[in-house]
Structure formats: C-alpha cells, structure tokens
Colleague: 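Below are the structure tokens for one structure; questions will follow.
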There are 2 protein chains.
Amino acid sequence: MLPLDASNNLEPILSKTMADIVEARLRENFRKRNYKPGDALPTEMEMAQSLGVSRNVVREALSRLRMLGIVETKKKRGMVMAKPDILGSFEKLLDPFMIDEATLRDIFELRLVLEMGLPDLLFPRLTDEHVAELEKIAADELTADNFRIQNEIAFHGKLYEITGNQTLKRFQSMLLPIFAYVVALEEKPIRGKISHSGLVDLLRTGNKEAFRQGMLEHLRPHFDRLQHQL
Amino acid sequence: MLPLDASNNLEPILSKTMADIVEARLRENFRKRNYKPGDALPTEMEMAQSLGVSRNVVREALSRLRMLGIVETKKKRGMVMAKPDILGSFEKLLDPFMIDEATLRDIFELRLVLEMGLPDLLFPRLTDEHVAELEKIAADELTADNFRIQNEIAFHGKLYEITGNQTLKRFQSMLLPIFAYVVALEEKPIRGKISHSGLVDLLRTGNKEAFRQGMLEHLRPHFDRLQHQL
DNA sequence: TATATTTGATATGTAGTACATAAGTGCATT
DNA sequence: AATGCACTTATGTACTACATATCAAATATA
C-alpha cells in the first residue's frame, strides 16, 4: 500500500516523509487536472483513503498548501482551490534575519539592477501628475537625517508605483528591509551627486537615458561598494 | 489558555487556526531569540505543552516551516534551525498554472526591467572568456526554429551568469517558464532588429550604454506589446 | 406559495493515544 | 580501547473521538 511510486529514480537517499510525498502528489494532481480557483476538492478523508495514508499526513500536506494560499478551507464546505498571493508568501521568506550574507548582497544588487532598468517601464507611463507628486516628495529631501531613509523609500517607492506594475511595486517593498539592512552593515552613508530633485528635473526633460544616467549617479555610492567586493 | 496574544491588532476577523497561530509564534520566537542555523530547538511535545495545544497542531506548524527549509528534523536528534533556500521555496509558487494573468504580465515586465538594468552589473565583471562564450552561443542563433527558444535561454542565461550573482541567475531561471508562457499567449514571434551576435559585438566595444540600447532593440517586440496594453 | 425556522448531516479543527523507527547513550564483553 | 548490545528518546504515522461551523433538507409559519 506504499504510495511510493516506482518512478522514484534513486536520488540521494533523502528520506522524504509521507507529508512531503502527499504534498507533491497533490500539487501534481492539481496541475494535471487543471484545477482553477474556486474548484472544489475532495475531502481530507477521501484524499487519505485514495492515497493510503492517515488523515494526519494529508492534513500536514494541506496545511502547507493552505499557508501558501493554494487552497482554502471552510468548515463544512470542504476545500477549494484559491489563487495564491505569490508575493505574500515570498515575503515570509525574505527576512534578513534568516538569510545568509552572500544572498543578502545578491539581493542588494538585484535591487540596483531593477532601479537601473526601471526607466523603460517608467517613461511610457509617466504623467504630469506623477512628476508633481515626485517633486513634492523630493522637496522634503533635505529635512532631518532621521527622516532621510523614509524619504528615500517614499521617492523610490513612488517611481515603482508609477510603472503601474503592482507586482513590481510590492516586490520592491519587500526588498526594502534587506536594502536597509545591507546599507546599515556598511560604513558611512554617502549621498550620490544627484539628488531626488535632480532626478525629477531629468524626468521632466523626457530624456529617458539622461534620467537613467542620473539614477546611476544617484546610486553611485552603492555601486562603488560593489566594486570593492570583487 | 488561549495563545491568542494581546498584540493581536484587530484585523479583519479572518479565523486563524491554531496551526496559523503556532506558526506565527514559532517564527516570532526564532527571531526574538536570534536562533541561527544549527541551533537546537525544543521537542514537539515541549512546544505543544508550552503553547497549550496538541502535538498535532504543533506538527502542522512545523511541517510548514520544514517545507520552507526554516527548520530540519532528524528522528531522535530533535529539530534544528536550517538556512532556508529562499529561491527554492519561491520556485514552488512560481507556477504559471496557478498565477493570474495580470500577475503573469507583471512578472513579464519585471523580467524586461531586469534585462535593461543588467549592464550595470555585467560590465564590471565581464572578461574576454565571457565574451567568447557568448559568441559561441550566439553562433548557434540561426539554427532551426525548434531550438530558437533554447538558444534564447542559453544566451540570456549566460548574461546573468556572468554577473556572478547566483541569486539573480536563479531568479531569472525561475522567471523563464513564465516568460515563455506569456510569449506563447501572444501572437506571432517577431525578432528584434538586433540579434545576439549584434549584442556580442556591442559588448566587445566596452560601451555599456550602447549595449543597453542594443538590448532594448533586441527586446523591442516585447516592449511594443506592452504599449498596446496601456 | 413563499418565507422563516429547525433539524440533521457533514467536513474541518483539535485533542489524545498508541506504536514503529531511527538515532543517540551507556554498559558490558572481549 | 574497540565492538556490540540493550535502553532511551524524539520524530513519523495511524487511529479514535469530539467540537464546531455550515450546508441542506424538512418543517413550521405567514
């Protein structure tokens, strides 16, 4: 009655638990049958019986899928597929506290790359209102140092927001703690030669590449740090 | 004996299960005590008793953390903290099959942004050997259409690889299926004016911005599609 | 007939017991 | 000291029991 399917190409012994196997089988099934959000699923007992395991094991597997938002359960109604909030789940993992330094640095670089590629999404969707909003934020740039980070976040966050790409915006928000963490690890905070106001001016010219170069200057201190690590 | 901590700012009623609560409490504890990989954890029974819940509930919560690679368990040795493989877990979520179209499109754009920001990581770390490897891949560009996608993947994948940023590289690999999926959704496959060979030539000049503009041309068909959706 | 109420059935959520299995620990024997 | 044995312990799995929420059908009511 072992559900260990014969397709089990003998990989490194790694002892999978039943819950692991059931989880995989369920995912596999969902995909094969092309379940869509809202579709009803069998009951826990039915799954347990058809897989030949205890309800306990099935519940452990379902608990995982539930956490990821892949399925939802109501008391009597049974289970239904749900549309998982990918980024929400991803957020649970992006805790600087449990990421090794090498990966933190990688993510730091990833953010820089995003920032440099952003203009190509930004400019096609930029309006005068957007520029006005950015200008307002940039005007607060020179207040007390306590709020400097806040202001950084507000300004760059706004840039992502303007792209209209919700996923990108949320992704950036999630990277913020990591960015802050890595920056805090390093020594003195240096400002780039180009300020937020300078960036707004470049935006207003409508010259995408000029803006990109401005952004590069704005981020220069961070890029310079990277060089030292090579 | 309700473990519902008072810090529970009253959010929408959302009925959390005990497993949800225990999971949150455990994470909270791990962070508070600054557990590091390898540190030993209490036994399931101890957790259950100290939290006032059944071992079943604790196991469901631990099962989730285990899936994410946050903890590891051995038969008698008890549990220890582990270093989670963020991207590995993220991969489980990035299945085009269960992501809604809006998000798919967002991710598609995200990839384009990455590609356009890449030069700033690429050039500082580029060597002659890298260029040679890219050239070799580009040479295969014009073979049968069956392999065109393969070749695309190989070339762009190589670019990410050259950055030396493992996380970025893996992230890009994970986005590939989504990219392919979205492209397949759209109509005719059009090639940009600039081929891979053209990009290699630009690389060789050492002119970062020229290369970036080349990349923009290479990706032009994709960017154009975006415009239509605005 | 249509609406409201009650009742019953059902699936999930939680608790608890039991036992198999793996893996340390320490004792005993050589 | 090294090997082998029994003992202990924590996880993995199975099973039972019951609370709770909710759907559905039957009943009562206007």
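Numbers restart at 1 for each chain; the letters A, B, ... are given by sequence-line order, proteins then strands.
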Colleague: Closer to the 5' end of DNA chain D via nearest nucleotide, is it A/Lys74 or B/Arg66?
Modeller: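 In this pair, the answer is B/Arg66.
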Colleague: Identify the two heavy atoms, one from A/Phe97 and one from B/Phe30, that lie closest to each other, and give their separation to 0.1 Å.
Modeller: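 Answer, listing the atom of A/Phe97 first, then B/Phe30: CZ-O, 3.3 Å.
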Colleague: Is it true that the side chains of B/Arg64 and A/Ser63 contain a donor and an acceptor less than 3.5 Å apart?
Modeller: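 Yes, side-chain donor-acceptor contact under 3.5 Å.
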Colleague: Check this one for me: any side-chain N or O of A/Thr73 less than 4.0 Å away from OP1 or OP2 of C/dG13?
Modeller: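 A/Thr73 to C/dG13 OP1/OP2: side-chain N or O found under 4.0 Å.
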Colleague: To the nearest Å, give me how far apart CZ (B/Arg77) and C1' (C/dG24) are.
Modeller: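 These atoms are roughly 9 Å apart.
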Colleague: Starting at NZ of B/Lys75 and ending at C1' of D/dA10, how long is that distance when rounded to a whole Å?
Modeller: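 Taking atom C1' of D/dA10 as the reference, NZ of B/Lys75 is at 9 Å.
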Colleague: Roughly how many Å is it from NZ in A/Lys16 to P in D/dT13, rounded to a whole number?
Modeller: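 The answer, rounded to whole Å, is 13 Å.
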Colleague: So does B/Thr127 get a backbone contact from the side chain of B/His130, meaning a donor-acceptor N/O pair under 3.5 Å?
Modeller: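 Such a contact is found between B/His130 side chain and B/Thr127 backbone.
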Colleague: Between B/Arg55 and D/dA14, is there a side-chain N or O to OP1/OP2 distance below 4.0 Å?
Modeller: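 False: B/Arg55 side-chain N/O out of range (4.0 Å or more) of D/dA14 OP1/OP2.
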Colleague: Whole angstrom is fine here: how far is it from CG in A/Asp20 over to C1' in D/dT13?
Modeller: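 My rounded result for the distance is 13 Å.
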Colleague: Could you tell me whether the side chain of A/Asn56 has a donor or acceptor atom within less than 3.5 Å of a complementary atom in the base of D/dG12?
Modeller: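 By the distance-only test, no, there is no pair.
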Colleague: Check whether any side-chain N or O of B/Arg59 sits under 4.0 Å from OP1 or OP2 of D/dT11, and answer yes or no.
Modeller: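 Indeed not, no polar side-chain atom of B/Arg59 lies that close.
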Colleague: Once you round it to whole Å, what is the distance between P of D/dA10 and CG of B/Leu41?
Modeller: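 In whole Å, D/dA10 P lies 13 Å from B/Leu41 CG.
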Colleague: Give the rounded distance in Å between these two atoms: CD of A/Glu60 and P of C/dT12.
Modeller: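 Result: 16 Å.
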Colleague: Between A/Met18 (CE) and D/dT13 (P), how many Å, whole number?
Modeller: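 After rounding, the reported distance stands at 6 Å.
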Colleague: Could you walk me through whether B/Asn29 and B/Arg25 pass the side-chain hydrogen bond (donor to acceptor under 3.5 Å, both in side chains) check?
Modeller: CA-CA 6 Å; B/Asn29 251 287; B/Arg25 291 277 299 249; over 6 Å; no
Colleague: Taking OP1 and OP2 of C/dT14, is either one under 4.0 Å from a side-chain nitrogen or oxygen of B/Ser54?
Modeller: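 Checking B/Ser54 against C/dT14: no side-chain N or O falls below 4.0 Å of OP1 or OP2.
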Colleague: Are the ring centres of A/Phe123 and B/Phe223 closer than 6.0 Å?
Modeller: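 So the answer is no for these two rings.
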Colleague: Can you tell me how far P of D/dT13 sits from CG of A/Leu51, to the nearest Å?
Modeller: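 So the two atoms are 13 Å apart, to the nearest Å.
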